[in-house]
Amino acid sequence: MTDTASISDSLYHRLFAHPEMVADLLKDFLDTPLLAELDLMGMKRLNTKFTARRGERRRGDVVWEIPIRGGGYLFVLLILEFQSDIDDWMVLRLNVYTGLLYQQLVDERQLKPGQGLPPILPIVLYNGDTRWKSATHLRDLIHLPPESPLWKYQPEMRYYLIDEGSYPEEELKKYPSLTAIFFRIEHSVSPESIYTASRDLLAWFKTHPNGPPVKQLFRELLVGSMERLKGPNPLPLIPEELEEITNMLATRIEKWKKDFHMEGRMEGRMEGRKEAAETLLTRLLQRRFGMIPSWVDEKIAQADPSSLEEWTLRILDAPSLEGVFADQG
């Protein structure tokens, strides 16, 4: 079965295979001095061929060649990051990807040392809910005293981070671009936010009739967001056309809001009950067995309500702390 992460991965790769989407991303989220150097009208995709030692495809497989206004070319290495856990070694991985990309350019274009190497701009586009906190500079991972003479021999590497979830919805609304609308839908937190973004999406396509052919991809994104935020009732049959989806949202928004808030209250009550069960179990364990070790805290935090109830009942008969959590096969 295809999981949500792989669907999101596929959607991003298909969207950012279009130069218009990449140009939007750079125009809205790249620092102004960097953007001023680039001629986005002349950008073209580079087919990368570098692979890992075990033969699997590298994640750094979206590379764009962009003319520099002063002459020459820049290669944008766009990494689409979908892991639920933040990759603390991302800058190290990018150091490897950059070296492999340079080697490909040297081999394919038969570059000579006297010609020099073209510049590369590594960009990490991250769509996770947790804010990105890992190092963006390779030197932050190297353990050396500040005064060490070895620093001048250490590799230099840093990447440009675009953390989608760090941009508030109201700020994204200021950017009249497909990429900004895409971020708004991807990180929508309510039925109203999906409806507003879908309405702005329709307006964009009406004013850009010759825009990239990505309507179907945006439909997939909208349906995925609606599934994520739907209430306790199943979604109705989703229309094929974006216009019809927006009309459906407009007519159902009030009911959907009620369902959404109802589900939120139900989830809140369930979460509150689980916290209460965890607290009760912890206090009973402490009363009977004294101070409890950290492995018990971790086991309780990861447990489902039925396990918490079972362990609480076992306290009456278990001869030891380990006996409370022993598997009953």
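If you read the sequence from its start, that first residue is 1, and numbering goes on from there. None of these values were measured; they are calculated from a predicted model. We use all heavy atoms of the structure for the numbers below, so side chains are in, but hydrogens, waters and symmetry mates are not.
With sequence neighbours excluded, the residues satisfying side-chain contact (heavy atoms from CB on, under 4.5 Å) with W295 are P293, K299, L321, E322, F325. With sequence neighbours excluded, no residue forms a salt bridge (Lys or Arg N to Asp or Glu O under 4.0 Å) with E244. With sequence neighbours excluded, the residues that form a side-chain contact (heavy atoms from CB on, under 4.5 Å) with E240 are Q216, R219. Here L281 pairs with L285, I300, L308, W311, T312, I315 under the side-chain contact (heavy atoms from CB on, under 4.5 Å) rule; sequence neighbours left out. Under the rule for a side-chain contact (heavy atoms from CB on, under 4.5 Å), P113 has no partner lying at least two apart in sequence or in another chain.
For Y175 and F183, the gap between ring centers reaches or exceeds 6.0 Å.
Just one residue in the list L30, L77, I79 forms a side chain to side chain contact (heavy atoms under 4.5 Å, CB included) with I123, and that residue is L30.
Contacts classified as salt bridge (Lys or Arg N to Asp or Glu O under 4.0 Å) and involving residues 20-41 (residues at least two apart or in different chains) are not found.
Counted within 6.0 Å of CD on Q110, heavy atoms from surrounding residues, nucleotides or ligands total 12 or fewer; the atom is thus considered open. Crowding of E309 atom CD: a count of heavy atoms from other residues, nucleotides or ligands under 6.0 Å not exceeding 12.
The aromatic rings of Y159 and W132 lie perpendicular to each other, with more than 60° between the two planes, well past the 30° mark. Ring geometry for F205 versus F218: interplanar angle over 60°, hence perpendicular rather than tilted (30 to 60°).
Ion pairing of K174 with E171 is absent here, as no side-chain N (NZ or NE/NH1/NH2) approaches a carboxylate O to less than 4.0 Å.
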